[in-house]
*Asks:* 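Attaching a single structure in structure tokens format; questions to follow.
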Amino acid sequence: MPTRQPVRIKDRRTPGDLLAGLGALAVLVALIAGVPYALFRLAGPPLPPELRNLDLLTSQVGTSTIVAILVLLVWLAWLQMVVCVLVEIYAGVRRVGMPARVPFSGGTQMFANRLVSAAMLLFTVSAVALPIAKLTSLPPATSVIVSTGLSAASAPADAERVELAPVQKAKKVYVVQPPHGRHHESLWEIAEKCLGDGRRYPEIYRLNQHREQPDGSRLRMADLIRPGWVLDMPDDARNVHIVPASQPRDDTLKDHPGKPAELDGRTQTFTPGGADLPAEPAPEISTPGEGADQAREKGRPGTAGHRPDSAAERGVSHDPRQVPVPRATAERGPDTAATTAATTVPERQNSGAADPGATVAGPAENGQDTGLEMLDYLAGASLAAAGLLVALGRKRRQQLWHRAFGRRITRPRDDAAQAELALRLGADAPGSRMLDVGLRLLGRSLAAQNRVPPTVYAAHLSPQTLDLWIHPPDPDAPAPWSAHDGGQVWRLPAHEGRMLDEQALADAPAPYPGLVSLGSSGEGRVLVDLEAAHGPISIGGAQATEALAALAVELATNRWSDRMRVTLVGFGEELTVIASDRIRYVGGLAEILPELEASGKDGGNRGEVLTGRIHGRAADPVCAPHYLLSAIAPTEEEGRRLALLARKGVRTAAGYVIAGDVPHATWNWTITEEGRARVDALGFDVAAQLLPRRQYRALIDLFLATERVEGEPLADEPEAVTRTPSVEVRILGPAEVVGPSPMEEGRAVIAVELVVYLATHPGGVHPVVLGGILWPRGVQAVVRDATIARVVAWLGTDSQGRPNLYADTSGRLRLGPEVRTDWMLFRDLVRQSHANAGGRPELLDRALGLVRGPLLNGRPRGRYAWLAADDLEYNVTAGVADAAHRLCEVRLARGETDQAVAAVRAGLLLAADDEGLWRDLLRATHLTDDPARLRAVADALHRRAASHPYGGGMAPETEALIDELLPAWRMRSAPTA
């Protein structure tokens, strides 16, 4: 229904108003003037002589002293009342809205508010102080809106009185609008448009979090909003609708389907020299902060295939050397990423298509979202992400074993590519290492002291420390651990953990393999030990299966355990592709219970699990654990059998996490509707680590891509190469930009990455998309634009006076023709060698001479995550390996064995995991007729395979070749007993 509008009435006071005002005024005068007068006459000044004597502190307290103290308290109470009255009078006269809150004066200030409000009716009827009752709990949406037709600051004191009684309590709302072209509204944009500052988007989020919307869904994440949602807004919002506070959202949507106001969406532009130019309309973009569900709706009008018809509609500059700077509303506010938009565009750009309408087309064209959810869940699971990347690297190594010449390994796409990008961004490899090495050192130290390890029921990993919550408390923690809170917490500082020698602890066993992330506390990761429950763990809630999937993934890939088995019941059959050596799937509890019962009978004294482990070896662990995760609730009989598997008070090398009600469960986990994980026995309430269906599917697709061994064709489309570049971008090794003067260290990292991306994507990229690529977790527009402007000035101009970084007519940022990459030159030299009938090995020599190390070697952690969803990494690795292989063959055909060896070693600098090159090295070294040299290569290859961070050993073809060329190598490389 429509909002009832305020009605102006004649300025008139009722007799009741006059009597109440006079009475309030009399009370105020009595309180302000009468109370101090009476106190002076009857009790004296606030500080009587009894309280001014310093002997009071040591002498005996008498009746007169107590009376003096009471008098002082009365004076203080009067002073508090005076302050409250002054605050209320100021708020009423100046019309500042809600009066300031006087500390420790809740009831007193409420009383003063009523007196002042009644008294002010004698002088004006328009300045009514707002009540402050329940100030701390009053939500903004329930404030009383007084509409007078004039702003509070400009209304005269004798303005017509507004009849408050007929006006209902009101609130301000904003209706999320349908997408316009590729542009979707985000909370950041709404906050900027309605509150004047996009950074205030959390206020809107908190007002609407978990409230049901007209379509039945709820706002759970700040970056996921849908058209047609009705958002409650703060009281100071503008460009909004004012509706009754009690009006249902469905009715609001019917009454106000359109926008309440429009803002001028213009941009400012700048030239490389920094001169301001006339503004152009803002481009219609798929903003980094758009709701994932919005872009996921296929077939929606205005999303797919929209092509602006004019430069004004596209928001482009007519001067190809002007760089458009989109307005801040084009950026997202929430800490999430526009990763899909940032990675689908380069694929189109690499094809060379110059489609102005696709300059900033994100995944909405394909009916996909921006990958924000992928970051929220996969990047948030930092320890699991670190383990998954190691498992993925192992799979990729094995995938490389089958790579054929002229082909690259199959790379993931769509959601799978976004999953890898999220893993790279969120992986906490240092934290995972600290947890692993710190626990192994703890176990070794306790074993050396012949001590029984304590039960670690939970852990907290933060950037500063690793805390173990133990039982029973023990104040004697082995160094470098230290005891805190009476020995209840053992702490390892991060700087101590970083100095631990990983190699020295390689054979130390893992004492607590059952530690697994429960979620995040905001300050770090909270982990619990499944074995410490000493019995079944019940997990309940609508997202119990998502929590179980997250547990399974981390258990199967963590590095702080040795051998283990994880049995999944009723879910996760596809997870075996991630870690088939650890994960097993069964259809029901009945299939696994007999095995668990049999192992329990044969387990011996399972109370010595921890002691046995710390005295064992990592390669042959004592009491290898077995963890059961079931998405199927047990029957009554199955629940009884599960409870019997654990003897009360005795630790076993097992853990059981069961969805649903479990009889005799020792811990009860609850995953709330808001995504919180609560463990009643431990008192934890943290943001749960979850793996929802879509992220789960993307993760499976990512690992399934590594199973495709046929590979993909390696395209050979070199660009025209500038022989005399003014700027050279080197990526075949550490990233370097040669030509411009050095940039200050704090800004060089992001500037170099920006140049590298543009140099490897000659089709250009829109500034907004570039912002999502370089800052996948979000960035303010002013920061992005300042960075671009800085790089424009840094790169300078070419020999013709043209800027080396400019924006073309479609609005894309491009590098000038005199900017060259070593990868461009590499491909051009390889192409020329292919075009020559004789092979021109000197050209391949020159090409391989450009290789200085792994691609973009030494890149900072968290940077260049876009490589996960880009062709560059795959193309460069395969291209360098193929060039080295071809040159090796040419050199061997000419009998130049030493040159062949040098060619292969040059390729291994970048493509060290390509075992085809290692086999070339073995063959070429064998032809040198130097057995010692061949043994050195075989030993080096064996050591590398044994210590490789991804593991996996050597390819069977490589082992067979070593057996053929050097039959005794296995005896030499076998470990001594």
Side-chain angles (χ1 to χ4, degrees), residues 457-458 513-519 526-556 564-576 582-600 603 606 625-673 675-682 684 686 688-693 696:
Y457 60 88
L515 280 171
V516 65
S517 294
L518 178 67
V526 175
L527 300 92
V528 294
D529 192 348
L530 302 183
E531 297 179 9
H534 296 171
I537 300 171
S538 167
I539 183 168
Q543 304 181 79
T545 304
E546 286 86 343
L548 286 173
L551 292 177
V553 166
E554 185 171 305
L555 284 171
M564 75 159 60
R565 288 179 298 162
V566 181
T567 299
L568 308 180
V569 181
F571 80 104
E573 183 175 5
E574 305 87 353
L575 291 176
T576 54
R582 287 192 176 187
I583 294 181
R584 177 177 57 162
Y585 168 81
V586 296
L589 286 169
E591 298 181 40
I592 190 63
L593 277 174
E595 178 183 334
L596 295 175
E597 292 167 337
S599 64
R606 304 304 293 274
H626 186 182
Y627 303 119
L628 175 73
L629 309 179
S630 175
I632 301 177
T635 64
E636 184 177 351
E637 174 62 18
E638 290 170 343
R640 184 188 64 81
R641 294 168 66 183
L642 278 171
L644 291 176
L645 286 173
R647 288 176 287 173
K648 185 174 182 181
V650 178
R651 185 189 190 100
T652 62
Y656 316 99
V657 186
I658 317 293
D661 295 329
V662 181
H664 312 294
T666 54
W667 291 353
N668 290 294
W669 292 4
T670 302
I671 308 299
T672 68
E673 192 173 326
R676 307 285 297 178
R678 295 171 180 165
V679 184
D680 56 354
L682 304 180
F684 288 146
V686 298
Q689 179 168 292
L690 304 173
L691 187 59
R693 180 181 300 276
Y696 173 89

*Asks:* Checking Y627 against E531: is there a side-chain donor and acceptor pair closer than 3.5 Å?
*Replies:*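 Y627 and E531 do have a side-chain donor-acceptor pair below 3.5 Å.
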
*Asks:* Run the side chain to side chain contact (heavy atoms under 4.5 Å, CB included) test on R584 and I592 for me, step by step, so that the C-alpha distance in whole Å, both residues' side-chain angles and the decisive distance to 0.1 Å come before the verdict.
*Replies:* CA-CA 10 Å; R584 177 177 57 162; I592 190 63; 2.9 Å; yes

*Asks:* Taking 4.0 angstrom as the limit, do R565 and E595 come out as a salt bridge?
*Replies:* yes

*Asks:* As an exercise, state the distance from CG of L629 to OG1 of T567, rounded to the nearest 0.5 Å.
*Replies:*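 Between L629 CG and T567 OG1, I get 8.5 Å after rounding to 0.5 Å.
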
*Asks:* Test side chain to side chain contact (heavy atoms under 4.5 Å, CB included) on E573 and L568; report intermediate values, then the result.
*Replies:* CA-CA 7 Å; E573 183 175 5; L568 308 180; over 6 Å; no

*Asks:* Quick check: do Y696 and E574 have side-chain heavy atoms less than 4.5 Å from each other?
*Replies:* yes

*Asks:* Would you say that I537 contacts Y656 through its side chain, given a criterion of any heavy-atom pair below 4.5 Å between the two side chains?
*Replies:*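 I537 does not reach Y656 side chain to side chain.
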
*Asks:* Restricting to non-hydrogen atoms, name the atom on M564 and the atom on L555 that form the minimum distance, rounded to 0.1 Å.
*Replies:* SD-O, 3.4 Å

*Asks:* How far does OG1 of T672 sit from CZ of R678, to the nearest 0.5 angstrom?
*Replies:*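 Answer rounded to 0.5 Å: 5.0 Å.
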
*Asks:* Could you give the distance from CD1 (I583) to OG1 (T576), rounded to the nearest 0.5 Å?
*Replies:*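 Atom-to-atom, I583:CD1 and T576:OG1 are 7.0 Å apart.
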
*Asks:* Passes side chain to side chain contact (heavy atoms under 4.5 Å, CB included), Y585 versus V569? Steps please.
*Replies:* CA-CA 6 Å; Y585 168 81; V569 181; over 6 Å; no

*Asks:* Check the pair L628, I658 against side chain to side chain contact (heavy atoms under 4.5 Å, CB included), reporting the backbone distance first and the verdict last.
*Replies:* CA-CA 8 Å; L628 175 73; I658 317 293; 4.1 Å; yes

*Asks:* So, the side chain of E554 versus the backbone of S517: is there a donor-acceptor pair under 3.5 Å, distance only?
*Replies:*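 Confirmed, E554 side chain pairs with S517 backbone.
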
*Asks:* Which heavy atom of A544 sits nearest a heavy atom of G540, and at what distance?
*Replies:*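 In this case the closest contact between A544 and G540 is CB-C, 4.3 Å.
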
*Asks:* Show the nearest heavy-atom pair for residues A677 and A688, with the distance to one decimal.
*Replies:*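 Taking A677 first and A688 second, the nearest heavy atoms are CB-CB, 3.6 Å.
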
*Asks:* Which heavy atom of G570 sits nearest a heavy atom of I632, and at what distance?
*Replies:* CA-CD1, 3.7 Å

*Asks:* Show me the donor-acceptor pairs, under 3.5 Å and distance only, between side chains in residues 662-670 and residues at least two apart or in other chains.
*Replies:*
unit_1 : atom_1 : unit_2 : atom_2 : d
T666   : OG1    : A533   : O      : 3.0
T666   : OG1    : P536   : O      : 3.1
N668   : ND2    : D680   : OD2    : 3.2

*Asks:* Going from OG1 on T545 to CG on L691, what distance comes out if it is rounded to the nearest 0.5 angstrom?
*Replies:* 11.0 Å

*Asks:* Search all heavy atoms of P513 against all heavy atoms of P625 and return the closest pair with its distance.
*Replies:*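 Closest approach of P513 to P625, heavy atoms only: CG-CG, 3.7 Å.
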
*Asks:* Measure the CD-CG distance between E638 and L593 for me, rounded to the nearest 0.5 Å.
*Replies:* 6.0 Å

*Asks:* Roughly how far, to the nearest 0.5 Å, is the CG atom of L551 from the CG atom of L530?
*Replies:* 6.5 Å

*Asks:* Give me the atom names and distance for the closest heavy-atom approach of I539 to A547.
*Replies:*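 For I539 versus A547, the nearest heavy atoms are CD1-CB, 3.7 Å.
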
